[in-house]
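All residue numbers refer to positions in the sequence shown, counting from 1. Counting convention: from 1, in listed order, for ligands and their atoms alike. Remember, predicted model here, so these are calculated numbers, not experimental data. Computation of the quantities below employed the complete heavy-atom set of this structure, encompassing side-chain atoms and omitting hydrogens, waters and symmetry-equivalent molecules.
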Amino acid sequence: MSERKAEHVVVIGAGIVGACSALELLRDGHQVTMIEPGEPGGRQAASYGHGCWISPASVVPMSMPGLWKHVPGYLLNPHGPLIIRWKHIVRLLPWLTRFLLAGATLTRVERTAEALATILKDSPERHMALAESIGQPDLIRREGLLYAYPNRSAFATEKLAWHLRRLTGLVWRELDEASLKAREPALSPHYRFGVLTEAGAHCTDPGRYVSSLVSEAVNQGARLVKAKAIGFRLNGDRLQSVKTDRGDIPCDRTVIAAGVWAKTLARQLGDRIPLESERGYHGVINVPVGGPAHPVMPSDGKMANTPTAKGLRLSGQVELATVDTPPNWKRVDILLDHARKTYSGVELTQDIAIDRWMGHRPSTPDGLPVIGKASGSKDVIYAFGHGHVGFATGPITGRLAADLVSDKPPERDLEPFSPRRF
Ligand SMILES: Cc1cc2nc3c(=O)[nH]c(=O)nc-3n(C[C@H](O)[C@H](O)[C@H](O)COP(=O)(O)OP(=O)(O)OC[C@H]3O[C@@H](n4cnc5c(N)ncnc54)[C@H](O)[C@@H]3O)c2cc1C
């Protein structure tokens, strides 16, 4: 039990971060209400559609030295892995400027990688323990994560990324052509060099995972309310209640775990967080027997191909546009086209996509999440902005949010994730 008395805590959002926060709060003896307008684990959440990777290697930020040189190309190439929709460019300029500056020097990206490593390093173990605790250990598989390259020279072009991974203590195994073929026979002969990060794990059904975690929280006594948080009732700096579209919910504390939608809530508490959607896509395809069996990131596709309970999930693409801009399904075709090259010996055609999805990575320009107390009230805890790594880091973020609620010294240094760093 925490040092403080048990309190009533409202968790806003039931994606992976909200679900893990609720479970950790219950573990500390608090009374928990979760509010979520959609289905927990449903398609509206990034936690439904991501690439399924739980990877301590994900410490490499998107913004790296020299990226600015490629921005004009990104604007012009509709088939690249990163696209900025023209009509949003003016609105996005402040975020983009910060994004490019965050990766401008080696020192900055090293600092980012080191901060990310603190929350990623034990992510596979935390997920395995969590899946085990809800009686569904099959949801998390730890069989390593593979990066496939056409050759060693292509690997060498990513020297800085692998430098950052080494800096954070990651260990990996290099695979020559024969070992690569043995590991994933379905890969096209175009790939002749591989890197296997054996510590990595993946999830086989993210939607079921999140909904099961929320059901577990409900079984342990949490209340799930289908509503949308719209604001806060404060008395001075003390929280009285969370306002929702279905009425107020009186409470002592709240954890904002609403992914990309957290921005407007934080604004009401005096924090202007530069949070934008890095929209991403996935396509799911059936694969024949003997087809791809392991998670792979082909270096020339910048995408994660992961076997799941529903088929092979091809996920990736970064599209900078507003949350409500309609999806551009051509971006899924890009993923499908690349998969046909990646597995050229396997019969894959475009029309076998059994699911297409678009969702929102909740992204800050420096690639780090926001975990800390709101400026306007110490009773409000932020747990959002995890960008590309929020699924992997969900369990530790839940723990850190619960530590903040209970005013315990947090398990990790939260300075790099401060809401006031912008
Ligand atoms: C294509 C793609 C690939 C990715 N691949 C990976 C990967 O391989 N590994 C990895 O670790 N991460 C990956 N990510 C990132 C990861 O998916 C996210 O960082 C993570 O899921 C964010 O979780 P969350 O709980 O913060 O937000 P979400 O999952 O978006 O959940 C937020 C929830 O809050 C609810 N909500 C919104 N507004 C309100 C409100 N006002 N009141 C109450 N509830 C509200 C929403 O309905 C939603 O259910 C990927 C993302 C994408 C898009």
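- In the model, Arg420 has a side-chain atom that pairs as donor or acceptor with a side-chain atom of Ser375 under 3.5 Å.
- Scanning the protein for heavy atoms near atom 51 (C) of ligand 1, the closest one is Arg361 CG, 3.4 Å.
- The protein atom (non-hydrogen) at minimum distance from atom 25 (O) of ligand 1 is Val17 N, 3.1 Å.
- The 12-atom threshold is not exceeded at CH2 of Trp68, counting heavy atoms of other residues, nucleotides or ligands nearer than 6.0 Å.
- Shortest contact from atom 42 (N) of ligand 1 to any protein heavy atom: Ala229 N, 2.9 Å.
- For a threshold of 3.5 Å applied to N or O pairs, the pair formed by Gly390 and ligand 1 contains at least one separation below that value.
- At the top of the distance list for atom 44 (N) of ligand 1, counting protein heavy atoms only, stands Pro37 CD, 3.1 Å.
- By the 3.5 Å distance cut-off applied to N or O atoms, Ser315 is not counted among the residues near ligand 1.
- When only interatomic distances are considered, the shortest N/O to N/O separation between Ser47 and ligand 1 falls below 3.5 Å.
- A salt bridge is absent between Asp205 and Arg313; no separation between the charged side-chain nitrogens and carboxylate oxygens falls under 4.0 Å.
- Gly387 O, 2.8 Å is the protein heavy atom nearest to atom 19 (O) of ligand 1.
- Looking at Lys226 and Asp245, no side-chain N of the basic residue comes within less than 4.0 Å of a carboxylate O on the acidic one, giving no salt bridge.
- Looking only at protein heavy atoms, the nearest one to atom 9 (N) of ligand 1 is Trp53 O, 2.8 Å.
- Which of Pro40, Gly15, Gly51 comes nearest to atom 3 (C) of ligand 1 through a heavy atom is settled by distance: it is Gly51.
- Taking distance alone, with nitrogen or oxygen atoms compared against 3.5 Å, Ala383 stays at or beyond that limit from ligand 1.
- The existence of a salt bridge linking Lys378 and Asp237 is excluded, since no basic side-chain nitrogen approaches an acidic carboxylate oxygen closer than 4.0 Å.
- Residue-to-ligand polar distances keep Val260 apart from ligand 1: every N/O pair is separated by 3.5 Å or more.
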